[in-house]
Amino acid sequence: MKILQLHVDYVEYEPIQVESSVYEEVEKKTYRVDDALLLLVSVEKDDDEGLVGEVVKDSIDFMNRMKINKLVLYPYAHLSTELAPPLKAFNIIKKMKEEASSNNVEVYSAPFGWNKRLVIAVKGHPLAEQLKNYSGRPQSREETVSKALLMEEKLKSYWFILTPEGGMIPVEEFDFTSHRNLEYLTRYEIAKSRAVLEQPPHVQLMRKLKIADYESGSDPGNMRWLPKGRLIKSLLEQYVTSKVIEYGGVEVETPIMYDMHHPSLEKYLHRFPARQYIIRTEDKEYFLRFAACFGQFLMASDMVLSYRHLPFWLYELTRYSFRREKSGELAGLRRLRAFTMPDVHAFVKDIEQAKSEMKKRLKLSLEVLEGVGLTRDDVEMAIRFTREFYEENREFIYELVKSFGKPVLAEMWDERFFYFVLKWEFNFIDGQRKAAALSTDQIDVENARQYNITYVDEDGVEKYPIILHCSPSGAIERVIYALLEKAYFTMEKGGKPMLPVWLSPTQVRLIPIAERHLHDCMNIMAKLEEEQIRVDLDDREETVDKKIMEAESEWIPYIVVFGDKEKEKGELAVRVRETGRIEYMKLEKLIEEVRKHNSGKPFKPLSLPKLLSKRPSFK
RNA sequence: GCCCCGGUAGCUCAGCAGGUAGAGCGGCGGCCUCGUAAGCCGCAGGUCGCGGGUUCAAAUCCCGCCCGGGGCUCCA
């Protein structure tokens, strides 16, 4: 059955004369229906009544979305060359009318078997005109079946909530009362329903704090990182890298572009729906990597590995990975076209080794998140697996859930479509109630073969390892996005937003009361710098009030106002952001406090001039 | 891709029943040497995104395009 579906301002038809052996009795006059869904219907040879339900349901769904309740059925033989005999067509259209009526739709039908004058006014929106094709039997070859549709079939998902106590509850039955964010994640994943708000909160913050901004001179989704943002990003990069190396990761660097027609890459590329940036040279085409996998796998396939080496880890932090997301998908730092992704692959012997490795990596990921300033209350875990994997490794899955310690959203597939049998991720739920994945890990049972990565086992036989793909933090830009969104939540609750001290571009701001205190402040600054503390000095000719106001708006954790009293007493007046109070302390105490926050974290100086009078402002 | 919104000084934005530009912040200069969230005065900054049209006259109205953001969607 072919249906031209039109959302019309109005439709008018007037029966002129009978045209077919099968026709309805009808009064010859002009009929008009306003604001309706018009279906021009061609019933075809192989159609049967079984289609009626589906067709009517589709129409009603559409009508609900468009908020209309009038349906006009119009027999229209001109959409097909394989028409059904008139009586059959008539009966099927009649059935459609009955079916729609019984669903409380106001149905009109143009008379069957007549030649009619037809006037239609189609609405001007993009969904107003659609051709629908319904068929009871399998589609013929030339009507290429959408691959995405097939994929969706295969990807039929079953959704559950797994609890740390070992429960597996279908999502419909789970009580989300004390798990709001998990509910948002579930809704986001399943229904893809989204709250409509304005600009994401973090976008305004990233600009206000001079962290990053859009760069209209580049492709959208490629950001400009200002000095403070570069510092924050760099510290996060160093931190994640140091944690991964501590875990065992062996850091490498691989090219950012790869041959489109390389045999190992080609298949993987086609399998991946994300669009790529393509680079053309005189004789070849390259794609920009969209993950760290390519270079590492090519490297691994050239390595000589024995079972004695396993598990073995390769690590790279890509600056950048590229995905040419559709323009409409981009959003601030949440989704970019160029992003920085730490990715550590573990090559393991078998499923047992994979499982024990994955447990370590889950722990690593939690540590990393907590290190950057997010707690496990800030994220929700989702875990996805095939039915087969679940049945064979139930206990392992619950161990993962348990070590996360909160209920987890689970998705189960009947068949393995992707290259992995299990994958989990931590999702941050932001101010718009959208979910963004941060940390993730996967058990990949396919790529070793694809890339010909092998190890020699105890028995002397070459085998394919299993590969785990883990990003312990997720994209670095996304970490910053999450920190800013989290700060926004704090603001909403009336608190003072801030970044973790170790990530704050300026940790201590010195404000001399008058010019005569400048010299002492310079000395204090030098001492703080010796202790690897990021400090700057507001030597501008402005009032103290104004300097404090500006320091506060930069979210500086420690603001020191220095004047005669401090000089005399040998104590500093420190405005501590975390407590919101002014605390008096010796310089040594301040140093100790900041160092406490910095300990175990990388340090890098802020490259901007230390004297604010020398510091230009960035857009 | 589609829809909506936007593009005016370095920034944030006002002006848009057409008469050819304004504020605050910032910058610069001056006064003030200051005690915990914006001291005062003055000055200099603009092809009003681009191209066309209507008009005596366009930032303002019309058409086309470019760029950005948000939402929706992946659907000729």
Side-chain angles (χ1 to χ4, degrees), chain A residues 4-5 7 58 61-62 65-66 123-133 144 146-149 151-152 191-204 206-210 213-224 226 273-275 324-335 431-434 496 509-518 521 538-556 558-569 571-577 579-584 612-613 615-619:
Chain A
L4 185 57
Q5 175 185 301
H7 183 190
D58 278 3
D61 286 350
F62 183 82
R65 274 166 63 201
M66 294 299 140
K123 287 194 182 286
H125 67 81
L127 296 173
E129 302 172 313
Q130 293 178 37
L131 178 65
K132 305 275 188 167
N133 186 11
T144 39
S146 153
K147 275 188 185 144
L149 267 178
M151 198 170 109
E152 243 169 64
K192 303 279 179 196
S193 84
R194 291 141 193 214
V196 181
L197 282 168
E198 63 303 325
Q199 208 187 36
H202 77 274
V203 172
Q204 203 200 334
M206 81 184 184
R207 304 177 82 174
K208 179 176 112 77
L209 295 172
K210 310 291 178 201
D213 207 340
Y214 299 112
E215 174 53 76
S216 59
S218 181
D219 196 39
N222 288 255
M223 305 306 280
R224 153 196 296 190
L226 304 173
R275 291 192 178 179
R324 206 166 182 297
E325 307 285 5
K326 299 263 178 147
S327 63
E329 299 278 355
L330 303 171
L333 297 175
R334 186 203 299 131
R335 181 162 301 188
Q432 295 181 308
R433 290 183 184 172
K434 295 195 175 193
K496 280 189 177 181
R509 162 78 40 93
L510 300 175
I511 298 178
I513 298 256
E515 217 174 307
R516 63 177 180 280
H517 306 115
L518 204 65
C521 282
D538 195 344
D539 62 329
R540 295 172 308 162
E541 291 194 34
E542 296 289 351
T543 60
V544 172
D545 273 3
K546 183 161 182 177
K547 291 178 183 181
I548 288 167
M549 191 272 291
E550 288 188 11
E552 289 279 2
S553 73
E554 287 180 48
W555 298 5
I556 293 172
Y558 299 96
I559 300 166
V560 176
V561 176
F562 189 90
D564 291 335
K565 281 189 249 169
E566 288 71 23
K567 187 177 169 67
E568 203 174 302
K569 277 176 67 183
E571 256 193 354
L572 302 178
V574 184
R575 204 176 155 109
V576 182
R577 191 170 185 81
T579 61
R581 283 202 303 272
I582 295 164
E583 297 175 23
Y584 297 89
L612 291 216
S613 65
R615 192 180 285 184
S617 63
F618 282 83
K619 178 206 174 310

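Chain A is the first sequence line, chain B the second, and so forth, proteins listed ahead of strands; every chain is numbered from 1.
Contact check, A:Lys434 against B:rC72: a side-chain N or O comes under 4.0 Å of OP1 or OP2. In this model, the phosphate group of B:rG26 is not approached by any side-chain N or O of A:Ser617 to a distance below 4.0 Å at OP1 or OP2.
You'll find a donor-acceptor pair under 3.5 Å spanning the side chain of A:Glu541 and the base of B:rC32, going by distance alone. Side-chain atoms of A:Gln204 and base atoms of B:rG69 include no donor and acceptor less than 3.5 Å apart.
In this structure, the CD atom of A:Gln5 is 15 Å from the P atom of B:rC75, given to the nearest Å. Taking atom NZ of A:Lys210 as the reference point, atom P of B:rG10 lies 14 Å away to the nearest angstrom. The CG atom of A:Leu330 sits 13 Å away from the C1' atom of B:rG71 (whole-angstrom rounding). For A:Met223 and B:rG69, the CE to C1' distance is 11 Å, given to the nearest whole Å. Protein atom CZ of A:Arg335 is 12 Å distant from nucleotide atom P of B:rC72, rounded to whole Å. The interatomic distance linking A:Arg207 (CZ) with B:rG10 (P) rounds to 16 Å, in whole Å. Note: CZ (A:Arg334) to C1' (B:rG70) measures 11 Å, nearest angstrom. If you measure from atom CG of A:Asp545 to atom P of B:rA38, you get 5 Å, rounded to the nearest angstrom.
In this structure, A:Glu550 reaches neither bases nor backbone, as no heavy-atom distance under 4.0 Å exists between it and the strands shown. The residue A:Ile511 sits apart from the nucleic acid: no heavy atom pair falls under 4.0 Å. No engagement by A:Ala551 is indicated, since no non-hydrogen atom pair under 4.0 Å with the nucleic acid exists. When heavy atoms are screened at a 4.0 angstrom cut-off, A:Glu554 is found touching no nucleic acid atom at all. Looking at heavy-atom distances under 4.0 Å, A:Lys208 makes no contact with the nucleic acid at all.
As rounded to the nearest Å, B:rA58 and B:rG52 have P atoms that lie 13 Å from one another. The separation of B:rA9 from B:rC25, taken at their C1' atoms, amounts to 12 Å, rounded to a whole angstrom. Spacing of P atoms, B:rC48 relative to B:rG19, comes out at 16 Å, to the nearest Å. B:rA44 and B:rG29 have their P atoms separated by 15 Å, given to the nearest Å. Straight-line distance between the C1' atoms of B:rG24 and B:rA76: roughly 50 Å, to the nearest whole Å. B:rU60 and B:rG53: their P atoms are spaced 14 Å apart (whole Å). Separation of the C1' atoms belonging to B:rC72 and B:rG15 is 33 Å when rounded to the nearest angstrom. The gap from the C1' atom of B:rU55 to that of B:rC62 amounts to 12 Å, rounded to the nearest Å.
Between A:Thr543 and A:Lys565, the residue anchored nearer the 5' end of RNA chain B, judged by the nucleotide with its closest heavy atom, is A:Lys565. Position along RNA chain B of the nearest nucleotide to A:Lys546 versus A:Val561 favours A:Lys546 as the more 5'-ward residue.
Across all strands shown, B:rG45 forms no Watson-Crick or G-U wobble pair with both distances under 3.5 Å. B:rC13 is paired with B:rG22 under the Watson-Crick or G-U wobble criterion, all donor-acceptor distances under 3.5 Å. Using Watson-Crick or G-U wobble geometry with both donor-acceptor distances under 3.5 Å, B:rC61 finds its partner in B:rG53. Of the nucleotides present, B:rC67 is the one that pairs with B:rG6 by Watson-Crick or G-U wobble criteria, both distances under 3.5 Å.
A donor-acceptor pair is defined here as one N or O able to donate and one able to accept, closer than 3.5 Å; no such pair exists between the side chain of A:His202 and the backbone of A:Gly332. In this structure, A:Lys547 contributes its side chain and A:Arg540 its backbone to a donor-acceptor pair below 3.5 Å. Using a distance-only test at 3.5 Å, with no hydrogens or angles considered, a donor-acceptor pair links the side chain of A:Arg577 to the main chain of A:Glu552.
Closest to the A:Asp564 side chain, of the nucleotides B:rA38, B:rG35, B:rU33, is B:rG35. In this structure, of B:rG35, B:rC34, B:rU36, it is B:rC34 that holds the atom nearest to the side chain of A:Arg516. Nearest nucleotide to the A:Arg575 side chain, out of B:rG68, B:rC34, B:rA37: B:rA37. The listed nucleotides are B:rA37, B:rU33, B:rG68; the one nearest the side chain of A:Tyr214 is B:rG68.
Its glycosidic angle being within 90° of 0, B:rG45 falls on the syn side. Taking the syn range as angles within 90° of 0, the glycosidic angle of B:rA17 is syn.
Heavy-atom minimum distance, A:Leu209 versus A:Ser553: CD2-O, 3.8 Å. Scanning all heavy atoms of the two residues, the minimum distance from A:Ser613 to A:Asp539 falls at OG-OD2, 2.6 Å.
Using a 4.0 Å cut-off between charged side-chain N and carboxylate O, A:Arg509 and A:Glu550 make no salt bridge. Salt bridge present: A:Arg207 and A:Asp213 bring a charged side-chain N and a carboxylate O closer than 4.0 Å.
The closest side-chain heavy-atom distance from A:Arg575 to A:Val561 is not below 4.5 Å.
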